[in-house]
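The next block holds one structure in the form of structure tokens; read it before the comments.
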Amino acid sequence: MTIKEKFKLGKQSVKEGNLTLADRMFDMCIVHLSKASLRGESYMEGATVNLWKTRVWTEIEKAGLLPE
């Protein structure tokens, strides 16, 4: 599964109220991005790694998935 697919599924899951699946998808995005960063990649699937990090973090915050 690509990061685009994980991200889209995470966003869709938030809209549907399935926060468990959304949390898992966004966590998988973080793992994907972490591995890319460790390999020294700066661009993936149409955007920079840093832009992907910002996108994922923003969606996590908007969904209220951060611990209190």
Side-chain angles (χ1 to χ4, degrees):
M1 183 177 260
T2 68
I3 192 162
K4 279 184 182 180
E5 294 167 336
K6 293 172 192 164
F7 184 73
K8 286 173 89 173
L9 183 54
K11 284 182 69 168
Q12 180 182 353
S13 298
V14 169
K15 287 180 184 176
E16 295 171 355
N18 188 348
L19 295 182
T20 302
L21 180 57
D23 189 36
R24 192 164 72 220
M25 288 298 107
F26 292 137
D27 281 349
M28 289 174 66
C29 286
I30 291 169
V31 170
H32 199 114
L33 291 166
S34 298
K35 288 180 179 181
S37 293
L38 289 172
R39 287 190 301 263
E41 295 177 27
S42 58
Y43 193 81
M44 65 186 321
E45 298 183 45
T48 65
V49 170
N50 285 337
L51 179 57
W52 276 113
K53 290 176 184 177
T54 301
R55 288 175 177 168
V56 172
W57 180 255
T58 301
E59 290 301 322
I60 289 170
E61 284 184 315
K62 284 176 26 181
L65 295 172
L66 294 174
E68 298 278 328

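Minimum interatomic distance between A22 and G10 (heavy atoms only, all atoms of both residues): CB-O, 3.5 Å. When all heavy atoms of A63 and V14 are compared, the closest pair comes out as CB-CG2, 3.7 Å.
Note: the hydrophobic cluster containing M44 does not contain L38 (ILVMFWY, side chain heavy atoms under 4.5 Å, direct or indirect links). Hydrophobic clustering (side-chain heavy atoms under 4.5 Å, transitive across Ile, Leu, Val, Met, Phe, Trp, Tyr) keeps L9 apart from F26.
The ring pair (Phe, Tyr, Trp, His ring centres under 6.0 Å) pairs that include a residue from residues 46-68 are F7-W52, where partners are two or more places apart or lie in different chains. Listed by first then second residue, pairs satisfying salt bridge (Lys or Arg N to Asp or Glu O under 4.0 Å) with a partner in residues 14-23 number zero, not counting sequence neighbours.
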Donor-acceptor contacts, no H, no angles, side chain residues 29-36, under 3.5 Å, sequence neighbours left out:
from	atom 1	to	atom 2	distance (Å)
H32	ND1	K6	NZ	2.9
S34	OG	I30	O	2.8

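In this structure, the side chain to side chain donor-acceptor pair (under 3.5 Å) partners of S37, at least two apart in sequence or on a different chain, are K53. Residues satisfying the side chain to side chain donor-acceptor pair (under 3.5 Å) criterion with K62, sequence neighbours excluded, are E59. For L51, the side chain to side chain contact (heavy atoms under 4.5 Å, CB included) test picks out A47, T48, R55, with sequence neighbours left out. Every salt bridge (charged side-chain N to carboxylate O under 4.0 Å, His left out) that E41 has, sequence neighbours left out, goes to R39. Qualifying side chain to side chain contact (heavy atoms under 4.5 Å, CB included) partners for T2, counting only residues two or more places apart in sequence or in other chains: K4, E5, E45.
Expressed to the nearest 0.5 Å, how far CE of M28 lies from CE of M25 amounts to 4.5 Å.
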